[in-house]
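Working notes, structure below.
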Amino acid sequence: MGKYDFQTIEKKWQKKWKENRTFAAEKHSSRPKYYVLDMFPYPSGAGLHVGHPLGYIATDITTRYKRLKGFNVLHPMGFDSFGLPAEQFAIKTGVHPAENTRQNIARYLEQMEIMGFHYDPDATLSTSYPSYYKWTQWIFVKLFEHWYDKAIESARPISQLEDLFAAHGNVSVSAATSQKSYFSADEWNGYSPAQRSSILMNYRLAYLADATVNWCPALGTVLANEEVKDGKSERGGHPVERRLMQQWMLRITAYSDRLLDSLRDLDWSDSMKSMQTHWIGRSEGASIVYKVDGVSDTIEVFTTRPDTLFGNTFMVLAPEHPLVEKITTDAQRGEVEAYIQWAKNRPEIDRIADTTKTGVFTGGHAIHPLTGKKLPIWIADYVVITYGTGAIMAVPAHDERDYEFAHKFGIEIIEVIAGGDISKEAFISKEGTMVHSDFLNGLKATAAIPAIIRRLEEMGIGKREVTYRQRDVIWSRQRYWGEPTPIYYKDGVAYALSEDELPLVLPEIDEYKPSETGEPPLSRAKDWKIRPDGGILDLNTMPGLAGSSWYFLRYPDAANDKQLVNPEIEKYWMPVDLYVGGTEHAVGHLMYSRFWTKFLHDIGIVSVEEPFKRLVNQGMIQGVSQLMYRHKVTNEYVSADLISDEEKGDYSLIHTDVNIVRNQVMDVEAYKKWTRDSSAKFQLNENGEFRTISQVEKMSKSLFNTVNPDDICAQYGADTLRLYEMFLGPIEIAKPWITDGITGVHSFLKRTWGLFYGDNDEWIVTDEAPSAEELKILHKTIKKVEEGIERFAFNTCVPAFMVFAKEIARLNCNKRAILEPFVQVLSPFAPHISEDLWEALGHSSSILLSSFPQWEEKYIAEDEIEYPVQINGKVRVRIAVSAEAAEEEIRNITLENEVVKQWLEGKSPKKIIVVPGRIVNVVV
RNA sequence: GCGGAUGUGGCGAAACUGGUAGACGCGCCAGAUUUAGGAUCUGGUGCCGCAAGGCGUGGGGGUUCGAGUCCCUUCAUCCGCACCA
């Protein structure tokens, strides 16, 4: 067989694609557009491993396929290049994060090119480039300069709000706001600039507020909830504590309803939609105001079950609730303070793991709004300050948590919905009739809810209320390597930088750590932080989420220095038609991207409400680690098969490099060379082998289980790697990387080469006319591949290619009419070999300028025979027989199948479709 | 606890709208070639059985002429959220 020299072929075509700018999209065109996007990577120092390209291969295939189908395709790539690792690397080594980032990006691009990924050369960006983050800052300024009007469900300029205040005060303004008190127009007009500024802060979509934050002392910064996992920082695993700090926040909660509503029409997976729905956590109920015995303050609670109000026997406040101090009696003060202290220092992990109820009585009482009864006020950490109002009306009879609490502390339990047995457990169902509930008695619980809300509203002590689990997001980080916040302060008032002052470029500083006094790193830039007008710049930077929340808007017009994006171009390209990336961004990146898109839509920058029409989540490719047993005392390594279960305790498991292990046998000499430790002792088994054990875990450099795509490409070629990754299984499924099967797809490519070049490396393609059988094979293949790509099931395409190659080889077919369309169909998957064969077939331009062949039904099912069958007017019968024996078979089937028999005897059948090799198909 | 998903050979997996279950690849078996190893080629390979035949898509039930696919129920695994009032 001729030689398939993938090394030469792949280099040749990669160079050509680059030189010819093959993947540049037309910015604007009369052709239909298709926008394909990968979640852009953070360029880490470790480079890409075989897990990363999975999604990139899928989008590259889609890009090439859609181009063959005649679309103007945009497929860009950029880098999410602000972030903690580069900064920590800088702290350790002194290398500027920008320099480190530049090197890593270059390495990523090189690796991508080797795998045959080529992106639009004009549509590229990095979030840490000033030309890009100018617009990230610009959006922040816009958020600062807008408020959210709930009456028209849209963002509006702050200047309009000031006009409203000057004319009417704030009572009639329906805004998403943290402003609690009301003022008249006269009052507003009398306020000082600083007073007005602090009121407006409560309305801005980007605002300053005291927030309980996740403070990570080790990193010296605040983290978003999404960046905290089980009470530790996601990056680095450092402990995180709660602290009250003044921070920039984004009022994403203004958009909660819209974020929820428009989720419905998106082509996303159910689990992704459900995660987002859950994250927003909308729940409907009522808010009720309670008077407190002896003090003028009131307690406001939120409940989803106002119907159970008559069963309310005590109140619970979160330990952090501001009223706790005021209502605590002297007798209880010591106990309350001790509890608060304990709850505060209790690690987050314990609080999550241990759900037994704890709490103490404050000594204070609230007044039941309907019965006037005195209700004891407790504090307990099962009530959290961050949800609702941080206070609840406890109804032990009909809430599991309140039930457990009341039981433990001996508090009265009153049944108000009949149907359960409250001596045993709380009855939480709404299927029941109201009892002991005054005017609600006899009603169904579901009917009692609107009834009691109406009563509370009449009395002016409660109203219908919707609460969300979602909270506003903290947008300040006390870091260096991020976008500086484009804000300055003068006389206690925060001002945004004007557009021509952007970008506010990161200053050079000599050390990247926070200052000795605990101020952010930017405080070290002494000249930078003081403006000519005496204003002082904000010293916080934005979180990593900032740059990634809008990058998809920038690609289509990435070089524009006048606008975020040209409106014409934006209108043509948005939304993204296909977005591919991992599930880890389910609630972070995707939520904020949707939020920013909606905001930019409100202010007229973006034409769409939703940025990502279709989302596909690729599963993570895991590594198969190899581990050795090392004796805890002697430090000798022992072959795994020599160790019994009882002995395992005497050994520790040590990771070794997967690249020196084959079939669970490690090359001991290679290990010594790798570790530069020739003195390591090994005990081999009787065959002279050293055996390891394997374990599936995350693919990571530190576990020595990474497989480098460059190595695979050097050994088998990029086309083989691409086909193999697609062949492994559905993109969405997580699976371990096993290189073993790769020879299968590699020999397919060799066989394909052989169809053109024969055994002696001589061109053997002929112009003979194809046979019916050959055409059938070809068209079946085209159909299968096309359907596979459309369904994003690339794993079903690869076998279709293999079957084609096998069957065509069996027929000794080397006819151009069959092979040429096949090369076109194969090209999205294995572009290098396809381009080369395309050229050898005599075409002077790239295969990407050709078209995707059309499959035709007549070739696929040409000997399908239809027999008219009349069956109750709506039944079709499909029978498995050869064309010749059709009538015979129908008779046989008739005998076997009662229903068919009746139909054939009773009425004349309407239609029977006979497909050779297929079975009876009856559709009723 | 709540929400989402997934269960098919020794393994990765096909079977899109109900219609010959296990395509394709790995592995394994046999043969050919090779000095050997590797590579390559041909044939076989769901399970039980010498065979005829029987059994098979986590378990149990149901709908249907027909169920991996639809419905109910149960178990197991994975992911997400988690005292959310």
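Only heavy atoms go into these numbers, but all of them, side chains included; no hydrogens, no water, no symmetry mates. In what follows, chains are A, B, ... by sequence order, proteins preceding strands, each numbered from 1.
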Practice item. For D399(A) and A426(A), indicate whether the former's side chain and the latter's backbone hold a donor-acceptor pair under 3.5 Å. Key: no
Check your understanding: Rounding to a whole Å, what distance do you find between F748(A):CZ and U40(B):P?
Key -> 16 Å
**Study point:** Pairwise P distance, C65(B) and G58(B) [rounded to whole Å]
**Key:** 24 Å
Exercise for review: Would you mind pulling out the nucleotide paired to G18(B), Watson-Crick or G-U wobble, both distances under 3.5 Å?
Suggested key: none
Point to revise | Identified pairing partner of G25(B), criterion: Watson-Crick or G-U wobble below 3.5 Å | key: C11(B)
Review point. L723(A) has an atom CG; how far is it from atom P of C26(B), in whole Å?
Key: 14 Å
**Study point:** Pairing nucleotide - U57(B), Watson-Crick or G-U, each distance under 3.5 Å
**Key:** none
Study note, to complete from the structure: chi for G58(B) classified (syn = within 90 degrees of 0, anti otherwise) as anti
Check your understanding: Starting at CD of E732(A) and ending at C1' of G7(B), how long is that distance when rounded to a whole Å?
Key -> 17 Å
Review point. Considering only the C1' atoms, how many Å lie between C2(B) and C71(B), rounded to the nearest integer?
Key: 24 Å
Point to revise | Criterion ring-ring contact (aromatic ring centres under 6.0 Å, His included) on Y403(A) and F405(A), from CA distance to verdict | key: CA-CA 5 Å; Y403(A) 187 88; F405(A) 194 84; over 10 Å; no
**Study point:** Spacing of I742(A) atom CD1 relative to C11(B) atom C1', expressed in whole Å
**Key:** 17 Å
Point to revise | Rounded P spacing from G38(B) to G27(B) in Å | key: 12 Å
Point to revise | Atom P, compared across G44(B) and G25(B): separation rounded to whole Å | key: 12 Å
Study note, to complete from the structure: Distance col, row I411(A):CD1 vs F314(A):CZ, nearest 0.5 angstrom, shows 4.0 Å
Practice item. Sort out the partner of U64(B) for me: Watson-Crick or G-U wobble, both distances under 3.5 Å, none otherwise. Key: none
Check your understanding: Looking at N312(A), I449(A), V301(A), which one forms a side chain to side chain contact (heavy atoms under 4.5 Å, CB included) with P306(A)?
Key -> I449(A)
Revision key, fill the gap. Using Watson-Crick geometry (N1-N3 plus N6-O4 or O6-N4) or G-U wobble (N1-O2, O6-N3), each under 3.5 Å, G31(B) is paired with C41(B)
Revision key, fill the gap. From NZ of K750(A) across to C1' of C41(B) the rounded distance in Å is 12 Å
Exercise for review: State the CD-CD distance between Q7(A) and Q715(A), to the nearest 0.5 angstrom.
Suggested key: 10.0 Å
**Study point:** Donor-acceptor under 3.5 Å (K735(A) side chain, L728(A) main chain)
**Key:** no
Practice item. Check the angle between the aromatic planes of Y4(A) and W753(A) and answer parallel, tilted or perpendicular using the 30° and 60° thresholds. Key: tilted
Review point. Within this structure, what is the NZ-to-C1' distance between K783(A) and C16(B), rounded to whole angstrom?
Key: 10 Å
Under 3.5 Å, which N/O atoms of the protein pair with N/O atoms of nucleotides 28-34 of chain B?
none

Point to revise | Donor-acceptor contact below 3.5 Å, side chain R305(A) vs main chain A445(A) | key: no
Check your understanding: Expressed as a whole number of Å, how far does the C1' atom of U8(B) sit from that of G3(B)?
Key -> 26 Å
Practice item. Heavy atoms under 4.0 Å is the rule here; annotate nucleotides 77-85 of chain B 5' to 3' with B where the base is hit, S where only the sugar-phosphate is, and - elsewhere. Key: ---SSSBBB
Check your understanding: Is it true that the side chains of T313(A) and E412(A) contain a donor and an acceptor less than 3.5 Å apart?
Key -> no
Review point. How far, in whole Å, is G68(B) from G22(B) if one measures between their P atoms?
Key: 12 Å
Study note, to complete from the structure: To the nearest angstrom, the CD-C1' distance between E787(A) and A15(B) comes to 13 Å
Review point. Between the main-chain N or O of L266(A) and the side-chain N or O of K273(A), is there a donor-acceptor pair closer than 3.5 Å?
Key: yes
Review point. Going by atom types alone, do Q470(A) and S256(A) pair a side-chain donor with an acceptor below 3.5 Å?
Key: yes
Exercise for review: Can you tell me the distance, in whole Å, between the CG atom of L263(A) and the P atom of G3(B)?
Suggested key: 18 Å
**Study point:** Watson-Crick or G-U wobble partner of A5(B), both distances under 3.5 Å
**Key:** U77(B)
Practice item. Would you check if the side chain of N705(A) reaches a backbone N or O of K698(A) as a donor-acceptor pair within less than 3.5 Å? Key: yes
Review point. Quick one: is the NZ or CZ of K783(A) closer than 6.0 Å to the six-membered ring centre of W855(A), and within 45° of its axis?
Key: yes
Review point. Using the P atom in both, what is the distance from U74(B) to C29(B), to the nearest Å?
Key: 45 Å
Review point. Using the C1' atom in both, what is the distance from G46(B) to A13(B), to the nearest Å?
Key: 14 Å
Identify all pairs in which a protein N or O lies below 3.5 Å from an N or O of nucleotides 12-14 of chain B, and state each distance.
| residue | atom | partner | partner atom | Å |
| --- | --- | --- | --- | --- |
| G12(B) | O2' | L728(A) | O | 2.5 |
| A14(B) | OP1 | N795(A) | ND2 | 2.7 |

Review point. Which nucleotide sits closest to the side chain of T743(A): A5(B), C26(B), G25(B)?
Key: C26(B)
Practice item. May I ask you to decide if the ring planes of F409(A) and W378(A) are parallel, tilted or perpendicular, using 30° and 60° as cut-offs? Key: tilted
Point to revise | Of the listed nucleotides A23(B), A5(B), G25(B), the one nearest the side chain of D270(A) | key: A5(B)
Check your understanding: Given that both distances must come in under 3.5 Å, which nucleotide forms a Watson-Crick or G-U wobble pair with A82(B)?
Key -> none
